[in-house]
Number of protein chains: 2
Amino acid sequence: MRRKVTLKQIAKELDVSISTVSKSLRDSPEISEDTRQKVQAFAKLYNYKPNLIALSLKNKKTKTIGIIIPEIVHHFFATVISGIEHVANEHGYNVIVTLSDESFDKEVINMEMLANGSIDGFIMSLSKETQHKKDFHHITEVINQGMPVVMFDRVTNDILCDKVIIDDNLAAYEAVQNLIDKGFKKIALITTVDYVSVGKLRTDGYIKALKTNNIVVDPKLILKIEDIDICDHQIEELIANNEIDAVFAVNELFAVTAIKAAKKINLKVPDDISVIGFTDGIISKYSSPSITTVSQNGIKMGGKAAKMLIERLESEEEEDEHYKTEVIETHLVLRESTPSL
Amino acid sequence: MRRKVTLKQIAKELDVSISTVSKSLRDSPEISEDTRQKVQAFAKLYNYKPNLIALSLKNKKTKTIGIIIPEIVHHFFATVISGIEHVANEHGYNVIVTLSDESFDKEVINMEMLANGSIDGFIMSLSKETQHKKDFHHITEVINQGMPVVMFDRVTNDILCDKVIIDDNLAAYEAVQNLIDKGFKKIALITTVDYVSVGKLRTDGYIKALKTNNIVVDPKLILKIEDIDICDHQIEELIANNEIDAVFAVNELFAVTAIKAAKKINLKVPDDISVIGFTDGIISKYSSPSITTVSQNGIKMGGKAAKMLIERLESEEEEDEHYKTEVIETHLVLRESTPSL
DNA sequence: TTTCAACACGCAAACGTTTTCGGTAGGTGC
DNA sequence: GCACCTACCGAAAACGTTTGCGTGTTGAAA
């Protein structure tokens with residue numbers, strides 16, 4: 001077993017000083033061609049690689065990005081990580097991932113953990129509980145320490161920082177408008193409870209679309225789901241007890257569950273009832289019928305977030321204070337769950 | 001903006017030495033009650049937290065685990081990460097995630113990157129390309145440096161280290177046996193090319209089941225997919241041109257694609273043709289019909305891997321050299337894509 | 001008054017780097 | 001023979017910790 005070799009060991013072996021070794025390896029003109037060659041050859045032979053921890057300590061830069069997301073077993077978040085990881089890697093950064101499990105406490109703990117030197121900046125999406133409590137002191141604290149934060153998707157206006165989002169309101173509006181254009185009038189909404197920021201925005205978009213088209217908003221057609229694991233029954237009731245033309249669901253799971261519910265009472269999709277979902281994930285693509293959905297490009301979102309963070313990190317102390325909010329465009333992916341014309 | 005406070009600053013402020021501060025905070029009896037109180041109060045006021053990078057350098061332990069997987073936008077790998085993250089967190093470890101994108105080079109680069117001090121040990125699953133090339137020098141090198149590695153799912157016998165896998169062969173055997181028990185005789189297999197270790201093992205299990213039941217193995221019924229993105233056509237051909245009773249697919253995507261192909265030529269699932277998949281992911285659960293599948297518990301797998309790694313890390317230099325391979329049990333989740341009796 | 005223990009604290013090394021600032025040769029110019 | 005320059009290299013500080021050991025002060029015992 002050959003442990004990692006350090007500058008000190010090389011220096012000792014070659015009977016020169018540590019600084020000479022360091023300079024040789026960085027091709028400093030201070031060192032003679034001879035010694036440089038000798039050192040470099042030796043270093044190569046023993047496969048010397050500088051210790052990144054030591055460098056981090058010295059440079060006060062870790063070249064790693066901290067990610068805090070509610071869940072990873074969730075296609076959208078996985079794509080975002082993928083997007084972050086790729087542009088981070090291109091710029092020589094690593095990513096360290098922590099999960100909040102939708103819990104405020106875990107979010108705080110993870111954040112404090114990473115803030116103590118392990119990373120250069122954060123990319124995060126708020127947990128449900130945090131959005132509910134509206135307690136963001138852990139985030140402001142980190143920002144006050146001079147560590148940049150980029151928020152995505154689930155963001156809040158209470159924090160000043162860079163953000164990257166989609167226009168949830170507009171996207172929902174356009175989806176519902178699409179249903180209206182196809183002649184549907186009784187359009188149900190399956191959404192989350194209001195404190196989930198994106199859920200609220202999508203709900204607003206739905207309402208706006210109806211109002212714009214002079215359709216009265218029927219509260220009975222709006223279902224707000226608290227716990228995603230036990231939504232089946234509520235959705236079945238919604239569909240069975242109202243003569244619904246179409247359903248707009250604020251995520252994939254609600255959409256596919258709606259389709260299953262419809263089938264259960266022998267309604268055909270899209271012949272008897274149409275469904276539009278949100279998030280172009282695995283389910284929408286592979287369920288049958290495949291689901292028309294609002295595509296939010298997670299890769300792009302993550303990539304953009306990483307880019308913004310890295311730019312801020314490398315703009316060297318120009319504490320710009322001018323925060324930007326980037327909006328990633330969405331589009332409707334038309335599939336089998338809505339009529340083709 | 002209040003930057004993070006260090007021992008040195010506290011020492012200066014309180015006009016004591018750095019060591020006094022450090023000892024006070026760690027409640028050393030060497031320091032008088034008085035100063036301890038004073039220091040601790042001050043530290044709390046300024047929210048002192050030790051710099052983890054400095055600690056890592058000193059202790060030669062980073063308390064973080066490096067993960068290298070082929071892809072993250074893949075439900076199974078996401079669940080594994082989730083499993084790893086949870087037990088890692090319980091033990092005070094963070095995880096840093098890198099993706100190989102199924103590329104040998106990226107796997108090597110990421111591995112070397114992390115091996116230079118950033119982490120205490122690896123948990124990894126081989127990229128396709130690495131399995132194809134059978135080049136594992138980057139892994140042996142890391143192990144030779146004394147850094148523990150735990151491999152999961154896509155492993156190789158060429159490396160000696162801890163591993164956690166499922167019994168792919170047996171699981172496939174049982175799945176196919178289940179089909180045979182239901183009276184099916186013409187059972188097709190949709191699998192990957194052979195160099196993907198798990199694909200090969202599952203193929204072997206399929207063949208074994210057929211042979212055990214004295215069914216001749218028909219090469220025409222075995223489809224080996226090279227590129228998952230363009231498998232549709234091949235699968236359609238397989239199903240259209242052979243009078244198949246049932247299909248065993250080595251992953252979710254092949255399974256759901258098979259179902260779509262069957263529907264396309266008006267075969268009903270499971271009335272006309274049955275399908276069993278592998279991996280109990282989102283697709284199997286939510287597609288309609290939902291898919292009978294071999295469940296491999298990613299959470300459990302990741303958790304076990306993390307546990308093994310941490311145990312080895314904390315067993316303190318007992319360079320055990322006694323490597324274990326843990327087998328996670330699987331079971332068949334019966335759903336709508338196979339007849340209920 | 002001397003001695004010794006106990007107590008409270010500081011010094012310095014160590015982890016592995018990078019970099020600034022000298023320092024020591026040797027050679028050159030006068 | 002003296003001063004100075006250049007080429008080459010080493011010492012040391014710095015990043016933020018922890019910790020073994022040394023040291024100074026105090027009080028009490030002899």
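The sequence lines fix the lettering, A, B, ..., with proteins before strands; numbering per chain opens at 1.
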### Query
What parts of residues 27-49 of chain A reach DNA chain C, counting only heavy atoms under 4.0 Å away?
A:Glu30, A:Tyr48, A:Lys49
### Task
Would you kindly say whether B:Glu85 and B:Asn94 are connected by a side-chain donor-acceptor distance under 3.5 Å?
no
### Task
Pick base, sugar-phosphate or nothing for A:Leu7, based on heavy-atom distances below 4.0 Å to the nucleic acid.
base
#### Entry: Residue pair B:Thr62, B:Asp120: steps toward the side-chain hydrogen bond (donor to acceptor under 3.5 Å, both in side chains) verdict
CA-CA 6 Å; B:Thr62 61; B:Asp120 295 341; 2.9 Å; yes
### Message
Using a strict threshold of under 4.0 Å (side-chain N to carboxylate O), is an ion pair present between A:Asp27 and A:Arg36?
### Response
yes
#### Entry: Separation of D:dT17 C1' from B:Ile53 CD1 (nearest whole Å)
12 Å
### Message
Please report the distance, rounded to the nearest Å, between CG in B:Leu14 and P in C:dC9.
### Response
11 Å
### Any residue of residues 113-121 of chain A with a heavy atom less than 4.0 Å from an atom of DNA chain D
none
### Task
Would you tell me if any nitrogen or oxygen in the side chain of B:Lys23 comes within less than 4.0 Å of OP1 or OP2 on C:dA8?
no
### Task
Describe the nucleic acid contact of A:Lys60 in one word from base, sugar-phosphate, nothing, applying a heavy-atom distance below 4.0 Å.
sugar-phosphate
### Query
Separation of B:Lys4 atom NZ from D:dC15 atom P, in whole Å?
17 Å
### Message
I want to know whether B:His138 and B:Phe104 have ring centres closer than 6.0 Å.
### Response
yes
### Query
Going through the distances and angles, do B:Val150 and B:Lys163 end up as a side-chain contact (heavy atoms from CB on, under 4.5 Å)?
CA-CA 5 Å; B:Val150 177; B:Lys163 291 163 195 167; over 6 Å; no
### Message
Using a 4.0 Å heavy-atom cut-off, does A:Thr6 contact any base of the nucleic acid, only the sugar-phosphate backbone, or nothing at all?
### Response
sugar-phosphate
### Query
Are A:Asp158 and A:Lys134 within salt-bridge range, i.e. N to O under 4.0 Å?
no
## Note on the structure
Here the distance between atom C1' of C:dT19 and atom CG of A:Leu55, to the nearest Å, is 13 Å
### Query
How many Å lie between NZ on A:Lys61 and P on D:dG16, as a whole number?
15 Å
### Task
Take atom CD of B:Gln9 and atom C1' of D:dG16, then tell me their distance rounded to the nearest Å.
10 Å
### Query
Do any side-chain nitrogens or oxygens of A:Arg26 fall under 4.0 Å of OP1 or OP2 in C:dT17?
no
### Query
Going by distance alone, is a donor N or O of one side chain under 3.5 Å from an acceptor N or O of the other, for A:Ser19 and A:Ser22?
no
### Query
B:Leu57 near the nucleic acid: base, sugar-phosphate alone, or nothing, with a heavy-atom cut-off under 4.0 Å?
base
### Task
In plain terms, say whether A:Lys128 and A:Glu71 are close enough for a salt bridge, that is, a side-chain N and a carboxylate O under 4.0 Å apart.
no
Mind listing the N/O atom pairs, protein and nucleotides 26-28 of chain D, below 3.5 Å?
none

#### Entry: Nucleotide D:dA14, atom P - distance to CD1 of B:Ile18 in whole Å
11 Å
### A:Ser17 versus A:Thr20, side-chain donor and acceptor atoms under 3.5 Å
yes
#### Entry: Closest to the A:Lys58 side chain, choosing from C:dC15, D:dA14, D:dT19
D:dA14
### Query
Roughly how many Å is it from CD1 in B:Ile10 to P in D:dG16, rounded to a whole number?
12 Å
### Query
Can you tell me if the side-chain N/O atoms of B:Lys8 get under 4.0 Å from OP1 or OP2 in D:dC15?
yes
### Task
Please report the C-alpha distance between B:Val21 and B:Leu14 in whole Å, then the side-chain angles of each, then the deciding distance to 0.1 Å, and finally whether the side-chain contact (heavy atoms from CB on, under 4.5 Å) criterion is met.
CA-CA 9 Å; B:Val21 177; B:Leu14 261 44; 5.7 Å; no
### Message
Strictly below 4.0 Å, N to O, side chains only: are A:Glu102 and A:Lys133 in salt-bridge contact?
### Response
no
### Message
Salt bridge or not between A:Asp101 and A:Lys106? Use side-chain N to carboxylate O under 4.0 Å.
### Response
yes
